Asker: 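Quick one: this structure, given as C-alpha cells, is what I'll be asking you about.
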Amino acid sequence: MKPIQYNVPVPKDRTVFVQEDILDKFYPYMHRHVEYQIIWIVEGFGQLLVDDNLHNFQKGDIFLVGSNQAHVFKNEDTSGGVVQSISVFFNLEGALVNMLNLPELHVLLEFISNNCRGFRVPEQHLSQIRRRIEILKKSDRMDQLVNFFYLLKSLNMVSSDLTPLSGVSHADHEVMGGFKINTLCRYIEDNFKENISLCDV
C-alpha cells in the first residue's frame, strides 16, 4: 500500500503553520508530507498507523510525525461525535533550517534530526506541551515563531523519555515497500471470502 504524497496547505507567508481541525473523522488515507507534524488529539480516540507500526491514541495525546513518514489516524466510531486536533506543521527544507543552524538554536535542529521517526509525548509531560501548543496557537507572526522555538525547547527537555513511533526510516520504507502492510493486504485479498477476525489479521 503506497502512501499518498499529501500537500499541506501552508500559506506562503508562514514558516510555521498551526491548523485546528474539527471533523467527523480524521483524514482516512495513509499519507505522508514533507512537513513535520506535531499533533495534539483534543477529542477522539482510535489507532495511529505509522509506517508498519500500530499505536492506540486517546483524547489528550500528542505525537510528532516525521517528515515523509507514512501515517494515518483511524478514529473509533464515536456515534455522531467529532474528532478535534491541533497540528503544528514545519518544514526543514525551507527558511527554518537556516534559523535552526544558528549556534544558539542548533540544539533544536539536532533534537529534530534525532527524532525523525516520530514519537508520542509521555503522559507525565503532556500538560506542559499542551500549554506550549495553546500559546503557539494564540500567537501570530514573530511571536508565533518565537513560541515555536519554545515548544521545541520544551520537547527537547523531555527527549530522554521519548520512544520512536517506528523503527523504519523513510529510506528503509521505500526499499521495503511497506512490507508488513503489503503482507497484510495480500492476506486479506487471499482470504476475503472467509470470516477474518482481527486476531487473524
Side-chain angles (χ1 to χ4, degrees), residues 3 5-8 10-19 31-41 48-53 55 57 60-73 85-176:
Q5 189 68 42
Y6 182 79
N7 292 317
V8 177
V10 179
K12 293 191 182 300
D13 63 345
R14 287 286 185 273
T15 305
V16 175
F17 178 48
V18 181
Q19 176 176 294
H31 66 288
R32 63 187 181 196
H33 36 75
V34 296
E35 295 83 4
Y36 284 79
Q37 179 181 10
I38 299 169
I39 180 168
W40 169 14
I41 309 298
L48 164 62
L49 180 62
V50 180
D51 296 324
D52 294 330
N53 295 264
H55 304 271
F57 70 85
D61 280 344
I62 299 173
F63 297 90
L64 179 134
V65 178
S67 173
N68 279 315
Q69 192 168 34
H71 64 284
V72 62
F73 286 87
S85 64
I86 298 173
S87 291
V88 180
F89 295 99
F90 59 97
N91 186 351
L92 289 189
E93 293 180 1
L96 186 60
V97 74
N98 295 325
M99 285 181 269
L100 290 171
N101 266 314
L102 292 170
E104 296 84 354
L105 298 176
H106 195 264
V107 65
L108 301 181
L109 181 60
E110 192 174 310
F111 163 74
I112 296 167
S113 299
N114 289 341
N115 291 281
C116 61
R117 291 177 294 165
F119 57 78
R120 180 205 303 263
V121 174
E123 187 175 355
Q124 66 269 28
H125 303 298
L126 282 172
S127 60
Q128 172 194 355
I129 304 303
R130 284 186 206 128
R131 189 165 58 251
R132 277 284 159 209
I133 294 174
E134 284 176 338
I135 293 169
L136 176 60
K137 179 177 174 287
K138 292 174 183 174
S139 57
D140 195 18
R141 300 293 177 178
M142 187 173 72
D143 287 340
Q144 188 174 72
L145 195 55
V146 170
N147 286 317
F148 169 68
F149 292 144
Y150 275 116
L151 171 60
L152 290 184
K153 180 182 177 182
S154 296
L155 288 168
N156 182 45
M157 289 172 69
V158 305
S159 59
S160 60
D161 296 331
L162 302 178
T163 304
L165 291 177
S166 167
V168 179
S169 70
H170 172 55
D172 291 339
H173 197 273
E174 290 296 303
V175 171
M176 290 168 64

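The model shown is predicted, which means the values in this text are computed figures rather than measured ones.
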Asker: May I ask you to decide if E93's main-chain N or O and N91's side chain share a donor-acceptor pair within less than 3.5 Å?
Answerer: yes
Asker: What's the verdict on side-chain contact (heavy atoms from CB on, under 4.5 Å) for N53 and L165, showing C-alpha distance, side-chain angles and the deciding distance?
Answerer: CA-CA 7 Å; N53 295 264; L165 291 177; over 6 Å; no
Asker: Count the heavy atoms of every other residue, nucleotide or ligand shown that sit under 6.0 Å from CD of E123, and state whether that count exceeds 12.
Answerer: no
Asker: Hey, could you give me the CG/OG distance between L152 and S159, rounded to the nearest 0.5 Å?
Answerer: 12.0 Å
Asker: State, to 0.1 Å, how close I62 and I129 come at their nearest heavy-atom pair, and which atoms those are.
Answerer: CD1-CG2, 3.8 Å
Asker: Between R117 and P164, which heavy-atom pair has the shortest distance, and what is it?
Answerer: NH2-CG, 3.6 Å
Asker: Spell out, as yes or no, whether a donor-acceptor pair under 3.5 Å connects the side chain of S67 to the backbone of V34.
Answerer: yes
Asker: Are H71 and F63 near enough that their ring centres are under 6.0 Å apart?
Answerer: no
Asker: Checking R120 side chain against D61 main chain: does a donor-acceptor pair fall under 3.5 Å?
Answerer: no
Asker: Minimum heavy-atom separation for S166 to Q69, with atom names?
Answerer: CB-NE2, 3.7 Å
Asker: Show me, pair by pair, the donor-acceptor contacts under 3.5 angstrom made by side chains of residues 10-19, not counting sequence neighbours?
Answerer:
from, atom 1, to, atom 2, distance (Å)
D13, OD2, R141, NH1, 3.4
D13, OD2, R141, NH2, 3.4
R14, NH2, D140, OD1, 3.0
Q19, NE2, D21, OD1, 3.4
Q19, NE2, D21, OD2, 2.9

Asker: Working to the nearest 0.5 angstrom, can you tell me the gap between C116 SG and N68 CG?
Answerer: 11.0 Å
Asker: Can you confirm whether the side chains of Q5 and R32 place a donor and an acceptor under 3.5 Å from each other?
Answerer: yes
Asker: Determine the sole option in I112, L96, V88 for which the side chain to side chain contact (heavy atoms under 4.5 Å, CB included) test with Y36 is passed.
Answerer: I112
Asker: What distance do Y6 atom OH and E35 atom CD have between them, rounded to the nearest 0.5 Å?
Answerer: 10.0 Å
Asker: To the nearest 0.5 Å, tell me how far E104 CD sits from F149 CZ.
Answerer: 11.0 Å
Asker: Within this structure, what is the CD1-CG distance for the pair I38 and L151, rounded to the nearest 0.5 Å?
Answerer: 4.5 Å
Asker: To the closest 0.5 Å, what do you measure between CD1 (I39) and CZ (F89)?
Answerer: 7.0 Å
Asker: With distance as the sole test, does H55 use its side chain to make a donor-acceptor pair with the main-chain N or O of V50 at under 3.5 Å?
Answerer: no
Asker: Has N101 got more than 12 heavy atoms of other residues, nucleotides or ligands less than 6.0 Å from its CG?
Answerer: yes
Asker: Considering only heavy atoms from C-beta outward, does the side chain of L162 approach that of F111 to under 4.5 Å?
Answerer: yes
